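Nothing here was measured: the structure is a model prediction, and the numbers come from that model.
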There are 2 protein chains.
Amino acid sequence: MEKTITKGNTEVQILNAARKVFIKKGLDGTRMQEIADEAHINKALLHYYFRSKEKLFEQIFEKALNDVFEVINRCIYEDGDIYTFIETFVTHYLSLIKENPFIPNFIFNEITTHPERMKQLSTQFKINVPAFRHMIEKNINQKKITPIRPEHFMVDLLGLCIFPYVSRPLIEEIFFKEQPAETEHFLNERKQHIIFLMKKALQA
Amino acid sequence: MEKTITKGNTEVQILNAARKVFIKKGLDGTRMQEIADEAHINKALLHYYFRSKEKLFEQIFEKALNDVFEVINRCIYEDGDIYTFIETFVTHYLSLIKENPFIPNFIFNEITTHPERMKQLSTQFKINVPAFRHMIEKNINQKKITPIRPEHFMVDLLGLCIFPYVSRPLIEEIFFKEQPAETEHFLNERKQHIIFLMKKALQA
DNA sequence: GTCTATAACCGGATAGAC
DNA sequence: GTCTATCCGGTTATAGAC
């Protein structure tokens, strides 16, 4: 009776466990045994459900990439106001990262350590670049913002949001060694700070 | 005679080879055989010179971290003008990354995949935080810039410089799929763009 | 110092009982 | 579907000749 709670979803348990371990340790650093332990099942079951380590990994990687692209696309409206865009983008993106702080690092690392394979997996995801470019250019033409290359704008926003989480251990070590709790507070301040920074930088 | 060119510096050859492989593949993804091949020597020699894979790795990791911190510290002057700081910092930092584009990813990844060990190694490096804070606060008091928390300012600069290189494969895929050579041009534009962006954002 | 050969170990994958 | 036991390839590390 109590067992029914988890009955039938061994597959889900495995996926959750795999996600947790892969994201923290990467493809090469992950041991199938550790996933099995985390999922409270036997190593052999992993192969029963997913055939191989790599097959299991691909599912996790694709899902992670999909989440990241989805949030970006949800914020893009061809005719949107750019100041609204900045606010919604930063808000949604930071909340995604806050809930999954290891994801960006995970993605970047797998792409650089296994370029061929990951590149192939990553090509299926797209962001709506034409709509994004259109939005920026329209706002420029309306003199709402100073001229800027759309690609720089997007990279700026992503870098400002993502970098503090990717480099968190070093930031903690450098700036907040004496009061580690302050790091959390600092990261929470980022939202207002980034919005302020980008709005001011873009003023026409 | 020709052999003397490399005689006596087997150790250096190994370090160069190890650096190249570790930085691209990470600690877990690196095989000692690959380092040996890259250095054109035998696998056993690696152990003769460095005892173990981990010992060899530590040397590479520490050197990488040291380079990164050194550049930052070289730009900090307690009484410096902040607009000068922005220019020299961005210039030096981008040229470091351009020459070693995989270093940031390498460092972040090792710290997250092996937190205990790497944290320990990273504590020996410091940036001159008091001088940096002093510089920012002085410039604020002189009304040269709008008030900003020094930590945010540093994280902004680093993120804007580093992120485009860390995410290069995705940027290429998303924005420049049709003309991959354009990525290089885009990255070269970053220097002027970041300087422009930060100066404008900080204006008093 | 540098090599070849091999030991010792680990981890992904499979066989086969239940 | 789930387990235990085991295989087998690959990888770090060492022994020992030169």
Rounded to whole Å, please give me the gap between [atom1] in [X] and [atom2] in [N].
| X | N | atom1 | atom2 | result |
| --- | --- | --- | --- | --- |
| B:Gln33 | C:dT6 | CD | C1' | 15 Å |
| A:Asn42 | C:dC18 | CG | P | 16 Å |
| A:Lys55 | C:dT14 | NZ | P | 11 Å |
| B:Leu45 | D:dT12 | CG | P | 16 Å |
| A:Met32 | C:dT14 | CE | C1' | 12 Å |
| A:Leu46 | C:dG11 | CG | P | 14 Å |
| B:His40 | C:dT2 | NE2 | P | 15 Å |
| A:Ile41 | D:dT2 | CD1 | C1' | 9 Å |

Can a side chain N or O of [X] be found less than 4.0 Å away from OP1 or OP2 on [N]?
| X | N | value |
| --- | --- | --- |
| A:Arg31 | C:dG12 | yes |
| B:Thr10 | C:dT2 | yes |
| B:His47 | D:dT14 | no |

Self-check item: B:Arg74 versus B:His92, side-chain donor and acceptor atoms under 3.5 Å
Solution: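 Distance-only check fails for B:His92 and B:Arg74.
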Exercise. Check whether more than 12 heavy atoms from other residues, nucleotides or ligands sit under 6.0 Å from atom CD of B:Gln33, and answer yes or no.
Key: yes
Practice problem: For the side chain of B:Tyr49, starting at C-beta, report the closest nucleotide among C:dA13, C:dG1, D:dT14. | Solution: C:dG1
Self-check item: Nearest to side-chain heavy atoms of A:Ala44, which nucleotide of D:dC3, C:dT2, D:dT11
Solution: D:dC3
Practice problem: Kindly say whether B:Gly80 contributes a backbone atom to a donor-acceptor pair with the side chain of B:Asn139 at under 3.5 angstrom? | Solution: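 A pair under 3.5 Å: yes.
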Exercise. Taking A:Asn109 for its side chain and A:Asn105 for its backbone only, find out whether a donor-acceptor pair lies under 3.5 Å.
Key: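 Side chain of A:Asn109 to backbone of A:Asn105, a donor-acceptor pair under 3.5 Å: no, none is there.
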Quiz item: A:Tyr48 or B:Glu54: which one's nearest nucleotide on DNA chain D is closer to the 5' end?
Solution: A:Tyr48
Quiz item: Where does the angle between the aromatic ring planes of A:His193 and B:His152 fall among parallel (under 30°), tilted (30 to 60°) and perpendicular (over 60°)?
Solution: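 A:His193 vs B:His152 ring planes: parallel.
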Quiz item: Any donor-acceptor pair under 3.5 Å between the side chain of A:Lys43 and the base of C:dG11?
Solution: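 Side chain to base: no pair present.
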